[in-house]
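Reading through the structure tokens given below for one structure.
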Amino acid sequence: MLTSLGQFLRKLRLENGEILRTMAEKLGVTSAFLSAVENGKKKMPLSWYEKLPLLYTFSEQQQDALKKAVMESSDVVEMNLHNIPFGRRDLAISFARRFDSLDEETSQMIFDLLNKSTEEATGE
């Protein structure tokens with residue numbers, strides 16, 4: 001079964017008249033690897049965030065759709081804590097440990113708080 005990311009990639013291929021092998025060659029991977037990414041068996045390489053929009057001249061909507069598809073297809077979130085101050089590192093670890101036990105109301109409050117601070121930082 002295709003993931004959201006797999007559906008996005010397949011649609012992109014079809015819109016460009018490509019087969020799996022052609023897209024895989026453009027991305028510098030094997031057809032088997034691309035197929036595994038589409039099916040959620042392999043994680044999409046970070047380099048594809050830059051490669052795909054350049055190779056296929058993405059609109060802003062397509063870039064947003066790619067991000068959304070990746071998020072919907074992810075079962076695991078990794079964080080690089082290298083060079084992160086200890087207070088923020090402790091926050092990240094504490095949040096990760098308690099994540100499964102958060103109720104919907106608390107989750108929504110945290111989500112709203114994070115979005116609000118992002119909007120304030122970007123001036124939106």
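- Connection of Phe111 to Leu113 is not established within any shared hydrophobic cluster, with ILVMFWY side chains joined at heavy-atom distances below 4.5 Å, either directly or through further cluster members.
- The closest side-chain heavy-atom distance from Leu2 to Leu9 is not below 4.5 Å.
- Judged by distance alone, with hydrogens and angles left aside, the side-chain atoms of Asn39 form no donor-acceptor pair with the main-chain N or O of Lys41 at under 3.5 Å.
- Atom CG of Leu27 and atom CE of Met44 lie 9.5 Å apart (nearest 0.5 Å).
- Side-chain contact between Arg88 and Leu81 is absent, with no heavy atoms from C-beta onward closer than 4.5 Å.
- Side chain of Glu50 to backbone of Ser47: no donor-acceptor contact under 3.5 angstrom is found.
- Listed by first and then second residue, the side-chain hydrogen bond (donor to acceptor under 3.5 Å, both in side chains) pairs that reach into residues 13-24 are Arg13-Glu38, Glu18-Lys26, Glu18-Tyr56, sequence neighbours excluded.
- A continuous path of ILVMFWY side-chain contacts below 4.5 Å connects Leu52 to Tyr49, so both sit in one hydrophobic cluster.
- Residue pairs meeting the ring pair (Phe, Tyr, Trp, His ring centres under 6.0 Å) criterion with at least one member in residues 15-47, sequence neighbours excluded, do not occur.
- Around the NZ atom of Lys11, the shell of radius 6.0 Å holds no more than 12 heavy atoms that belong to other residues, nucleotides or ligands.
- With hydrophobic clusters built from ILVMFWY side chains whose heavy atoms lie under 4.5 angstrom apart, Leu114 shares a cluster with Leu102.
- Separating the CD atom in Gln108 from the CD1 atom in Ile110 is a distance of 10.5 Å, to the nearest 0.5 Å.
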### Query
Can Ser59 and Gln63 be said to form a side-chain contact (heavy atoms from CB on, under 4.5 Å), step by step?
CA-CA 6 Å; Ser59 67; Gln63 288 178 329; over 6 Å; no
### Message
Using side-chain contact (heavy atoms from CB on, under 4.5 Å), reason through Phe95 and Asp90 one step at a time and then give a plain yes or no.
### Response
CA-CA 8 Å; Phe95 180 77; Asp90 289 344; over 6 Å; no
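- Side-chain contact between Pro85 and Arg89 is absent, with no heavy-atom pair separated by less than 4.5 Å.
- Interatomic distance, Leu14 CG to Met23 CE, rounded to the nearest 0.5 Å: 9.0 Å.
- Residue Val37 comes nearest to Lys43 through the heavy atom pair CG2-O, 4.0 Å, listed as atom of the first residue, atom of the second, then distance.
- Shown here for Asn80 and Ile84, the closest heavy-atom pair between the two residues is O-CG1, 3.8 Å.
- Residue Trp48 holds its CH2 atom at 10.5 Å from CG of Leu55, rounded to the nearest 0.5 Å.
- Tracing side-chain contacts under 4.5 Å through hydrophobic residues (I, L, V, M, F, W, Y), one reaches Leu46 starting from Val29; they form part of the same cluster.
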Using residues 65-73 as the side-chain source, report each donor-acceptor pair under 3.5 Å to any protein atom, sequence neighbours left out, with the distance given to one decimal.
from: Glu72; atom 1: OE1; to: Ser4; atom 2: OG; distance (Å): 2.9
from: Ser73; atom 1: OG; to: Thr3; atom 2: OG1; distance (Å): 3.4
from: Ser73; atom 1: OG; to: Ser4; atom 2: N; distance (Å): 3.2
from: Ser73; atom 1: OG; to: Leu5; atom 2: N; distance (Å): 2.8
from: Ser73; atom 1: OG; to: Ala69; atom 2: O; distance (Å): 2.8

